[in-house]
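Nothing fancy with the numbering, it's 1 onward along the sequence.
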Amino acid sequence: MNTLMIGAGAAVLCLLAVGVVWRRRSGSSAGQSQRAHRDAQQRTPPVSLGETYEFGVTEFTDHHSGDRVAVGKVEGFVVFTTDVPAGVSPGDVIQATITSFNRNETSADAIFAGRP
């Protein structure tokens, strides 16, 4: 009976180890996302007011103002760009001038300045 208890204990430990490994692997992208968000909140924006930057459009979204805006990133920093012509699609490269930052300076608003 002693051997049976040792075997059962070993099986339980194996199941726990498998569960820990599985949880770490499935949660790794969520953990990376949380770390990236925290880092973004603590860094100085890589863009400056009034300066023009070139970046790829990742998507279009409806801004809180109700306007359709292009979303892109400059060094991982999110930029929402207004006044983008209808012919611009996700994947296109545009130029935009930074006009303001959000409250915590974790993203910026910009106005379309052209195409490279």
Side-chain angles (χ1 to χ4, degrees):
M1 190 178 286
N2 198 8
T3 306
L4 182 61
M5 289 178 69
I6 292 172
V12 168
L13 286 176
C14 285
L15 285 173
L16 286 173
V18 167
V20 167
V21 169
W22 178 78
R23 185 173 178 171
R24 283 186 181 168
R25 286 189 179 180
S26 66
S28 66
S29 63
Q32 288 174 337
S33 177
Q34 289 174 346
R35 279 189 298 281
H37 181 70
R38 185 179 55 249
D39 292 345
Q41 290 178 319
Q42 296 174 357
R43 75 173 182 165
T44 301
V47 298
S48 299
L49 289 176
E51 295 294 319
T52 300
Y53 298 88
E54 187 173 294
F55 55 89
V57 175
T58 57
E59 67 178 314
F60 284 90
T61 188
D62 293 327
H63 198 254
H64 59 82
S65 64
D67 295 332
R68 177 179 173 260
V69 297
V71 180
K73 292 185 178 184
V74 174
E75 296 179 30
F77 187 80
V78 177
V79 178
F80 297 98
T81 306
T82 59
D83 295 335
V84 178
V88 174
S89 301
D92 290 349
V93 176
I94 64 170
Q95 295 171 331
T97 303
I98 305 300
T99 57
S100 65
F101 292 105
N102 75 350
R103 181 175 349 139
N104 297 320
E105 293 189 344
T106 57
S107 66
D109 290 329
I111 190 164
F112 180 78
R115 292 184 178 200

Pair up each side-chain donor or acceptor in residues 107-116 with any protein partner under 3.5 Å, not counting sequence neighbours, and list the distances.
from: Ser107; atom 1: OG; to: Asn102; atom 2: ND2; distance (Å): 3.3
from: Asp109; atom 1: OD1; to: His63; atom 2: NE2; distance (Å): 3.3
from: Asp109; atom 1: OD2; to: Ser100; atom 2: OG; distance (Å): 3.4
from: Arg115; atom 1: NH2; to: Gly87; atom 2: O; distance (Å): 3.3

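Taking CG of Leu49 as the start and OG1 of Thr99 as the end, the distance is 8.0 Å to the nearest 0.5 Å. The CG atom of Asp67 sits 12.5 Å away from atom CZ of Phe60, with the distance rounded to the nearest 0.5 Å. From Thr81, atom OG1 reaches atom CD1 of Ile98 across 7.0 Å, with rounding to the nearest 0.5 Å.
Contacts of Phe55 classified as ring pair (Phe, Tyr, Trp, His ring centres under 6.0 Å), with partners at least two apart in sequence or in another chain: none.
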Working for side-chain contact (heavy atoms from CB on, under 4.5 Å), residues Thr61 and Val69: CA-CA 6 Å; Thr61 188; Val69 297; 3.6 Å; yes
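Of all non-hydrogen atoms in Pro46 and Glu75, the two that sit nearest each other are CB-OE1, 3.4 Å. Among all heavy-atom pairs drawn from Gln95 and Glu54, the shortest one is NE2-OE1, 3.4 Å.
Hydrophobic clustering (side-chain heavy atoms under 4.5 Å, transitive across Ile, Leu, Val, Met, Phe, Trp, Tyr) keeps Tyr53 apart from Val71. Linking ILVMFWY residues whenever their side-chain heavy atoms come closer than 4.5 Å, directly or via other members, leaves Phe80 and Val84 in distinct clusters.
Counting only heavy atoms from C-beta outward, the side chains of Thr106 and Val78 never approach each other to under 4.5 Å. Taking 4.5 Å as the limit, some side-chain heavy atom of Phe77 sits within range of a side-chain heavy atom of Val47.
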